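Each remark here refers to the structure printed beneath this line.
Computed from a prediction, not measured in an experiment: that's the story for all the values here.
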Amino acid sequence: MAHDKFHAIVHRAEGLWDRTRFHAKRVTGLLGTPILLAYRGFQTPDGLWLRGRVIEDQGVISAAHSESIMQNIWLSLKRYETDEVMDARVAYSTGSVTGEVTTDEEGYFDLTIEPPARSETAPWLPVELILTEAPHYDVRPLGAKAEIRIVSPKARFGVISDIDDTIVKTGATNFLKHWRTVAANSAQSRTAFPGVSQLYRALAEGEAGPETNPVFYVSSSPWNLFDLFERFMVLHDIPLGPMLLKDFGLDATKWLTGGHDDHKLTMIERVMTAYPRLPFILIGDSGQRDAVIYAEAARRYPGRILAVYIRDVTGGHLAEEADDGVSALKRAGIAVTVAPTLETAAAHAAEAGLVRSSVVGEVREAIEQRRREEGEENVSDDNQPKNSKA
């Protein structure tokens with residue numbers, strides 16, 4: 001009870017600060033120019049869902065790649081210290097479906113709309129967005145295009161993947177390394193793990209083309225990093241997909257970003273509920289609690305998990321809870337690989353008929369190429385510590 005009261009007091013104080021700061025900027029003519037951000041959505045049982053946001057443009061998203069540490073730190077601080085535009089009006093249209101939505105106190109808006117006629121066309125349905133009004137701002141109509149993932153009836157399975165230390169190297173288990181990576185305000189500054197592009201593209205391939213099987217990304221990283229992740233995936237030829245990230249901030253119900261496990265599990269459930277006929281492959285890493293979360297998802301959705309692939313970022317010394325999660329998955333009869341690279345995962349996927357057999361060689365070559373480039377030792381699965389599980 002005392003915790004809840006304190007939270008309410010802090011939330012009101014933050015709201016008062018935001019209003020005071022906004023008023024000061026308004027009277028001094030320092031209000032910025034609003035920009036409209038559109039995030040990728042997907043089809044749910046209730047309709048087509050997507051999210052977007054309206055914030056003041058601080059030159060962060062459009063900033064060019066820089067090698068300056070101080071410049072990147074400054075841009076990253078501004079990325080997290082956003083100036084939200086509340087009560088902005090955003091019009092939307094796709095086919096014959098049109099409407100309008102208003103942003104909340106954090107500048108976000110969520111849409112769930114009825115599918116237009118012939119919306120079954122996969123893989124992406126475009127939705128036109130137009131920022132039409134923002135109280136106290138001088139706004140000219142500003143457009144953006146969102147895309148909603150429409151899954152082909154020919155899809156065999158879906159993929160749900162973590163992001164940090166699963167596809168992009170962040171060092172999330174080490175605070176200093178993680179901050180150094182996060183502070184690099186550029187997709188070019190981030191490193192993809194070797195083999196990610198090859199394996200993920202192979203998993204997405206199918207009878208209906210290169211994006212037959214949908215890929216979803218679930219992460220505890222904040223929505224503030226969406227554009228960085230999206231550009232990173234484009235640069236490294238990783239299949240695009242809806243990202244289910246976390247709100248960064250304080251609202252009436254949560255402190256900052258809220259709980260890691262609850263967020264990830266809730267988002268995994270949301271995806272699996274949206275596509276009840278699809279089984280899923282879950283991909284994560286051993287640095288946080290992915291194995292535990294995936295084991296719980298498997299318990300809640302028996303028979304829906306085809307395989308779990310875990311990147312071992314702990315040198316074979318899994319934390320007890322991660323080890324417990326892996327054991328629980330195996331007891332449920334689910335194939336699990338735990339290895340420092342994706343070669344073991346690719347081999348399992350090929351053996352199980354989930355990807356073409358040539359992918360194993362492609363992933364192995366990518367790993368060997370990285371080793372040659374960086375002169376690293378112990379990169380391949382053959383050199384993993386003996387107590388690492390596979």
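- Within a 6.0 Å sphere centred on CD of E351, other residues, nucleotides and ligands contribute 12 heavy atoms or fewer.
- Side-chain contact between L278 and P214 is present, with at least one heavy-atom pair separated by less than 4.5 Å.
- The structure places CD1 of I310 at 7.0 Å from CG of D285, a figure rounded to the nearest 0.5 Å.
- The backbone N or O of R53 sits nowhere less than 3.5 Å from a side-chain atom of Y39 that would complete a donor-acceptor pair.
- For the side-chain contact (heavy atoms from CB on, under 4.5 Å) test with T166, the passing option among I163, D162, D164 is D162; the others fail.
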**OP:** Please assess Q58 against D83 for the test side-chain contact (heavy atoms from CB on, under 4.5 Å), listing each intermediate value before the final yes or no.
**Re:** CA-CA 9 Å; Q58 301 186 78; D83 290 320; 4.1 Å; yes
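- Screening residues 125-135 for side chain to side chain donor-acceptor pair (under 3.5 Å) gives no qualifying pairs among residues at least two apart or on separate chains.
- No continuous path of hydrophobic side-chain contacts links L282 to V292 [ILVMFWY only; heavy atoms under 4.5 Å].
- Of all the heavy atoms in L125 and L48, the pair that sits closest is CD2-CD1, 3.4 Å.
- Using a 4.0 Å cut-off between charged nitrogen and carboxylate oxygen, R201 and E205 do not count as a salt-bridge pair.
- Between the CG atom of L342 and the OH atom of Y200 there is a distance of 6.5 Å, given to the nearest 0.5 Å.
- Proximity of a side-chain donor or acceptor of R311 to a complementary backbone N or O of P340 within less than 3.5 Å is detected.
- Under a 3.5 Å cut-off, the side chain of T103 and the backbone N or O of A88 do form a donor-acceptor pair.
- More than 12 heavy atoms of other residues, nucleotides or ligands lie within 6.0 Å of CZ in R304, so this atom counts as buried by the packing criterion.
- Heavy atoms only, all atoms of each residue included: K264 and S220 are closest at CG-OG, 4.1 Å.
- Here the side chain of R289 pairs no donor or acceptor atom with the backbone of D261 at under 3.5 angstrom.
- For the residue pair A134 and V85, the shortest heavy atom distance occurs at CB-CG1, 3.8 Å.
- One distance of note links CD of E230 with CD1 of I238; it measures 11.5 Å at 0.5 Å rounding.
- One distance of note links OH of Y294 with CD1 of I305; it measures 9.5 Å at 0.5 Å rounding.
- Taking the six-membered ring where tryptophan is involved, the planes of F216 and F42 are perpendicular, since the angle between them exceeds 60° and thus also 30°.
- Under the 4.5 Å side-chain heavy-atom criterion for grouping Ile, Leu, Val, Met, Phe, Trp and Tyr, L131 is not connected to M86 through any hydrophobic cluster.
- Within the 3.5 Å criterion, the main-chain N or O of E84 finds no donor-acceptor partner in the side chain of T82.
- The distance from atom CG of L203 to atom CG of L354, rounded to the nearest 0.5 Å, is 7.0 Å.
- Within the 3.5 Å criterion, the main-chain N or O of A155 finds no donor-acceptor partner in the side chain of T212.
- Tracing side-chain contacts under 4.5 Å through hydrophobic residues (I, L, V, M, F, W, Y), one never reaches I113 starting from I130; they form parts of separate clusters.
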**OP:** Output, in order, the C-alpha distance, side-chain angles, deciding distance and verdict of side-chain contact (heavy atoms from CB on, under 4.5 Å) for M267 and K246.
**Re:** CA-CA 10 Å; M267 294 301 104; K246 291 177 72 175; over 6 Å; no
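- Checked for salt-bridge contact, R156 and E207 miss the test: no charged N lies under 4.0 Å from a carboxylate O.
- Within a 6.0 Å radius of CZ in R140, other residues, nucleotides and ligands contribute 12 heavy atoms or fewer.
- A heavy-atom distance below 4.5 Å is found between the side chains of Y108 and W223.
- Rounding to the nearest 0.5 Å gives a distance of 10.5 Å between OG1 of T337 and CG of D312.
- Closest of all the heavy-atom pairs between A366 and P194 is O-CB, 3.5 Å.
- Within the 4.5 Å cutoff, the side chain of P123 has heavy atoms near those of the R149 side chain.
- Comment: R51 engages D247 in a salt bridge, judged by a side-chain N to carboxylate O separation of less than 4.0 angstrom.
- Closest approach of L240 and Y217 over heavy atoms only: C-CE1, 4.3 Å.
- Using modelled atom types, one finds no donor on one side chain facing an acceptor on the other under 3.5 Å when comparing S161 with Y309.
- Counting heavy atoms from C-beta outward, L37 and D227 have side chains that stay 4.5 Å or more apart.
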Original post:
Taking it one step at a time, do V159 and N213 satisfy side-chain contact (heavy atoms from CB on, under 4.5 Å)?
Top reply: CA-CA 7 Å; V159 177; N213 302 317; 5.6 Å; no
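- Panel note: side chain S286, backbone V313; a donor-acceptor pair is recorded below 3.5 Å.
- Not counting sequence neighbours, the partners of R331 by the side-chain contact (heavy atoms from CB on, under 4.5 Å) test are S327, A328.
- Residues L199 and V360 are members of separate hydrophobic clusters, defined by side-chain heavy-atom contacts under 4.5 angstrom among Ile, Leu, Val, Met, Phe, Trp and Tyr.
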**OP:** Decide side-chain contact (heavy atoms from CB on, under 4.5 Å) for L265 and E296; before the verdict, give the C-alpha distance in whole Å, the side-chain angles of both, and the deciding distance to 0.1 Å.
**Re:** CA-CA 8 Å; L265 188 57; E296 178 59 21; 3.5 Å; yes
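- Under the 4.5 Å side-chain heavy-atom criterion for ILVMFWY residues, a single connected hydrophobic cluster contains both Y275 and W49.
- Side-chain contact check for E365 versus E362: every heavy-atom pair is 4.5 Å or farther apart.
- For H263 (side chain) and L244 (main-chain N/O), a donor-acceptor pair under 3.5 Å exists by modelled atom type.
- Nearest heavy atom pair, residue A307 against residue I334, reads CA-CG2, 4.1 Å.
- The closest donor-acceptor contact from the side chain of S93 to the backbone of T98 lies at 3.5 Å or more, if one exists at all.
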